[in-house]
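All remarks here apply to the structure that follows.
Chain letters run A, B, ... following the sequence lines, proteins first and then strands; every chain starts at 1. Everything numeric in this text was worked out from a predicted model, so none of it was measured.
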Number of protein chains: 2
Amino acid sequence: MGQRGRPRGFDRDTALRTAMEVFWKYGYDGASMTRLTTEMGIASPSLYACFGSKEGLFREAVELYGSTVGAPAQRALEEAPTAYEGIRALLRANIVTFADPERPPGCMVVLAAAAGSARNEEVSAFVTERRQAVRELFRQRLERGVAAGDVPATADLGTLAALYTTVLHGLAVQARDGATTEELQAIIESAMLSAPRADR
Amino acid sequence: MGQRGRPRGFDRDTALRTAMEVFWKYGYDGASMTRLTTEMGIASPSLYACFGSKEGLFREAVELYGSTVGAPAQRALEEAPTAYEGIRALLRANIVTFADPERPPGCMVVLAAAAGSARNEEVSAFVTERRQAVRELFRQRLERGVAAGDVPATADLGTLAALYTTVLHGLAVQARDGATTEELQAIIESAMLSAPRADR
DNA sequence: AGATTTCTGTGTCGATCGACACAGAAATGA
DNA sequence: TCATTTCTGTGTCGATCGACACAGAAATCT
């Protein structure tokens, strides 16, 4: 069969990656079509034909963010021997990208559409959903920790998951405000001191 | 002398308070002139004559936020007997407004211009500055705590201040995502467990 | 009263927003 | 070859953005 018609003149993955960076840097509203198409090196009709709409492009960009930027952190969470070590590893992995001078500061999902900021209601709901998913990830890992015995069964897992999610979001804001990797690292270590252990 | 000319047909303070709510709810970019003037009940020339520009109005709105919404929290920080109790009290006071159903969820300063989101670079810098000021407030209170003996002199005050700032910012995001006062309260209690005491 | 000053309402400005129509270019299939 | 399909570039659409010009209305001062 093969591909009929004129082949696409740009690489879809490359263009999407560029779009992700633009959304990451400027947010959903701040990333105008002009800015997007200029950075991506394509004209807007190509963008619409390829991604449907600005919102569709954003959704794909968030997916890509999760499966590339976020993946190592998530793997670190799962593969660590204990829940707390996993959470610490996830936070550490995240701040590396948060404060990477080569990339926009902070977390795309946290900052790209700070809720009411985005004019599009559905976009806000989408990123909110994504943030909740991370909290759920924390909770599941903590449950595994209880099963494995490295988290006391008396711990309030929902609150703990919410706490670490809160710290993660806060770290994104700190990074946006110019905090260095070292500073963020120190914050993580301080935050992890609150982890309930069997001996307390 | 008295006032010359036609007197203003609206109350400046009331209009400013309304503007604060609009910025709080929709963010700097999301709060369009149309939305602002409609809610404030005035025409745009009156707004420009009274506040200079949209940015000027925003700056005054942030000042008002700090001196009204933020004041009780700041007072709680200062008046508490110990630094940790003060910080806990500040966080508690904040989440009451963060999750107040009568007001926009979350913190205006944290969410209204999530850095790159705002097209205006100076607006971003302004809110960043405001956020740093809160961190400095934490640090000074911790220093007082060291002097008073309720915080160990070995503690890294800069990091501690950054940690609580991080939690505060994270709480704002959680509130925006729909967390209740109870949930936020539980997060605070968990976070405060990490406070370094003399006996560790 | 009349001059002066200040505020308000209507209307509109150029710029920019997201979105797409349309025609031409570039590939494949028959 | 040539019909078909698909993508690209130019141009533009109505809506909306922030910002203000202008004239009339409403107060004070002389």
Strictly under 3.5 Å: I want the nitrogen or oxygen pairs between protein and nucleotides 18-20 of chain D, one per line.
from: D/dG18; atom 1: OP1; to: B/Lys54; atom 2: NZ; distance (Å): 2.5
from: D/dG18; atom 1: OP2; to: B/Met33; atom 2: N; distance (Å): 2.5
from: D/dA19; atom 1: OP2; to: B/Tyr48; atom 2: OH; distance (Å): 2.4
from: D/dA19; atom 1: OP2; to: B/Lys54; atom 2: N; distance (Å): 3.4
from: D/dA19; atom 1: O5'; to: B/Tyr48; atom 2: OH; distance (Å): 2.7
from: D/dC20; atom 1: N4; to: B/Ser44; atom 2: OG; distance (Å): 2.4

If we only count heavy atoms from C-beta on, is the A/Thr165 to B/Gln174 side-chain gap below 4.5 Å?
yes
Round to the nearest Å and state the distance from A/Phe58 atom CZ to C/dC17 atom P.
18 Å
Is the side chain of B/Asn94 donor-acceptor paired with the backbone N or O of B/Leu90 at a distance under 3.5 Å, no angle test?
yes
Given atom CG of B/Asp11 and atom C1' of C/dC7, what is their separation to the nearest angstrom?
15 Å
B/Gly5 vs B/Ala43, nearer the 5' end of DNA chain C by closest nucleotide:
B/Gly5
Length of the line joining B/Arg12:CZ and C/dT8:P, which is rounded to integer Å
12 Å
Identify which nucleotide among D/dT8, D/dA27, C/dA27 has an atom closest to any side-chain atom of A/Pro7, counting heavy atoms from C-beta outward.
C/dA27
Could you tell me how far apart B/Phe10 (CZ) and C/dC7 (P) are, to the nearest whole angstrom?
9 Å
Provide the full list of side-chain hydrogen bond (donor to acceptor under 3.5 Å, both in side chains) pairs with a residue in residues 43-55 of chain A, sequence neighbours left out, each pair given once.
A/Glu55-A/Arg59, A/Glu55-A/Asn120
Under 3.5 Å, is there any donor-acceptor pair linking the side chain of A/Arg6 to the base of C/dA25?
yes
Could you check whether any side-chain N or O of A/Arg139 sits under 3.5 Å from a backbone N or O of A/Gly158, counting only pairs where one atom can act as donor and the other as acceptor?
no
Which residue pairs satisfy the side-chain hydrogen bond (donor to acceptor under 3.5 Å, both in side chains) criterion with at least one member in residues 61-72 of chain A, sequence neighbours excluded?
A/Glu63-A/Arg130
Base partner of C/dA27, which must satisfy Watson-Crick or wobble distances under 3.5 Å
D/dT4
Rounding to an integer number of Å, can you tell me how far A/Arg4 CZ sits from D/dT6 C1'?
9 Å
Euclidean distance, atom CG of residue B/Leu47 to atom P of C/dT8 [Å, nearest integer]
11 Å
Could you check whether the rings of A/Phe23 and A/Tyr28 sit parallel, tilted or perpendicular, using 30° and 60° as the cut-offs?
parallel
Any strand, both distances under 3.5 Å, Watson-Crick or G-U wobble: C/dC22 pairs with D/dG9
Could A/Arg8 and A/Phe10 be counted as a cation-pi pair, given that NZ or CZ must be under 6.0 Å from the ring centre and within 45° of the axis?
yes
